[in-house]
Amino acid sequence: MAVRRRARAVGGGTEQSSGPGAGESLFQPIQQAEPSSPATRKMRWRTSLPQYYFLSATCLLITLEAVPIDIDKTKVQNTQPVESAKIEPPDTGLYYDEYLKQVIDVLETDKHFREKLQKADIEEIKSGRLSKELDLVSHHVRTKLDELKRQEVGRLRMLIKAKLDSLQDIGMDHQALLKQFDHLNHVNPDKFESTDLDMLIKAATSDLEHYDKTRHEEFKKYEMMKEHERREYLKTLNEEKRKEEESKFEEMKKKHENHPKVNHPGSKDQLKEVWEETDGLDPNDFDPKTFFKLHDVNNDGFLDEQELEALFTKELEKVYDAQNEEDDMVEMEEERLRMREHVMSEVDTNKDRLVTLEEFLKATEKKEFLEPDSWETLDQQQFFTEEELKEYENIIALQEDELKKKADELQKQKEELQRQHDQLEAQKQEYHQAIQQMEQKKLQQGIAPSGTTGELKPPVRYNQEEI
């Protein structure tokens, strides 16, 4: 288990940041669409936040295991390791997430590779030297990996075709377009080689390690969009209604800000509160070592980012309630991220994104643990300046103008098609009228009428018996 956790720590955060490099131009529009409303953005954030705990692409032996945080482990000194219930690894958010997890599952079945990983250090994994060990795995494993790669190449080709079809592009070289996906070797689409494993590790590490920064940027955009939409809505109201709305807005802000004191994350007061209210233990018996063992839920000797963020739930519940209109759950998850980042910066001395017992105990000896500064929650901070909001609104205005131009062009095309349709219908009507006039003249002259195709019908002949 410790080996798995060490491998997990290599890449840092989760979820894609900048995507697959050049691949963004083709794939990203299919995979991600910018939400058009705060409600949509909330849903996206809520579904993407659990992705945060699936660490780096180099986690070649990842399988997240968890037990409830409030499990009774008061006798930790004599507690045997608990058999944790396995759960599916959360979606990393990468466009090749399924491929990554399938490769991991297959590599886990090879004993030789597991042993090599156990002996490898983090730098060896990140540098790609471990990928060379792929040459020594069993034939059965290599065959499975080959099949996975062929399936992934086929999937990418289908995505490329779907995208090109939507753009009505023809004559494109699909093999050339595969170059933009840097998580596999496109030169040999049928074989999974050490180069493929190396590219998969490096691509996912690069895509995941900047997750926190990207998530903060997305949150900032979310808040600016909220404010932009609020101001735009106010413009549609008359003076009286606008004042009522402004008053309601200020009232909700004050209501949200009126919450109990939030303890400094990672401080003794904060941990003792978890000890008492979550673990159900006497606060006078608080012991850092016991606390660490209680919340190392899978007993692997580390507190990872998931386990750390679970410690902040009680603090967040002081400020946020999903039932309250004034509380934004997207902001709650941003607050959780800030708390985790802060504790990691204070406790994780070797910056491997895992907290060992030794690091944890050293942190409890610091003055900041006993006498921390007050913690400023998000409602005490300004997310953006007026200048930043104006710049963002300008970007939105340009995008809206572009969409309006496209809509106008489509409307003109529709009107032109309708005009052509009407013209054809008029010509068809004139043609039928001319045919009818010709038929009437023929009848008047005693000529047999023409058939439906305009040809004259042959005269009817009768045999002698019929006569």
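Throughout, residue positions are numbered sequentially from 1 according to the sequence presented. Not measured: the values here are computed from a predicted model.
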Next item on the list: With sequence neighbours excluded, tell me which residues meet salt bridge (charged side-chain N to carboxylate O under 4.0 Å, His left out) with Glu365.
Entry: none

Margin query: Which residues pass the side chain to side chain donor-acceptor pair (under 3.5 Å) test with Asn350, not counting sequence neighbours?
Written below: Asp352

Notebook entry, point to check: ring pair (Phe, Tyr, Trp, His ring centres under 6.0 Å) with Phe292: which residues, sequence neighbours excluded?
Noted result: Phe360

Item checked: salt bridge (charged side-chain N to carboxylate O under 4.0 Å, His left out) partners for Glu388, two or more places apart -> Lys220

Check: What residues form a side chain to side chain donor-acceptor pair (under 3.5 Å) with Asn263, not counting sequence neighbours?
Finding: Glu273, Glu315

Checklist line | side chain to side chain contact (heavy atoms under 4.5 Å, CB included) partners for Asp282, two or more places apart | finding: Asn284, Asp285

Margin query: The criterion is salt bridge (charged side-chain N to carboxylate O under 4.0 Å, His left out); which residues satisfy it with Glu257, sequence neighbours excluded?
Written below: none

Next item on the list: Using the test ring pair (Phe, Tyr, Trp, His ring centres under 6.0 Å), find all partners of His342 that sit at least two apart in sequence or belong to another chain.
Entry: His264, Trp375

Notebook entry, point to check: Mind checking what makes ring pair (Phe, Tyr, Trp, His ring centres under 6.0 Å) contact with Tyr99, not counting sequence neighbours?
Noted result: His183

Next item on the list: Please identify each residue that fulfils salt bridge (charged side-chain N to carboxylate O under 4.0 Å, His left out) with Lys254, with sequence neighbours left out.
Entry: none

Notebook entry, point to check: Picking from Met252, Glu246, Glu250, Glu244, what satisfies side chain to side chain contact (heavy atoms under 4.5 Å, CB included) with Lys248?
Noted result: Met252

Note to self: Holding to side chain to side chain contact (heavy atoms under 4.5 Å, CB included), I want the full list of residues that pass it with Thr143, two or more places apart in sequence or in another chain.
What the structure shows: His139

Notebook entry, point to check: With sequence neighbours left out, what residues match Arg150 under side chain to side chain contact (heavy atoms under 4.5 Å, CB included)?
Noted result: Asp146, Glu147, Asp190

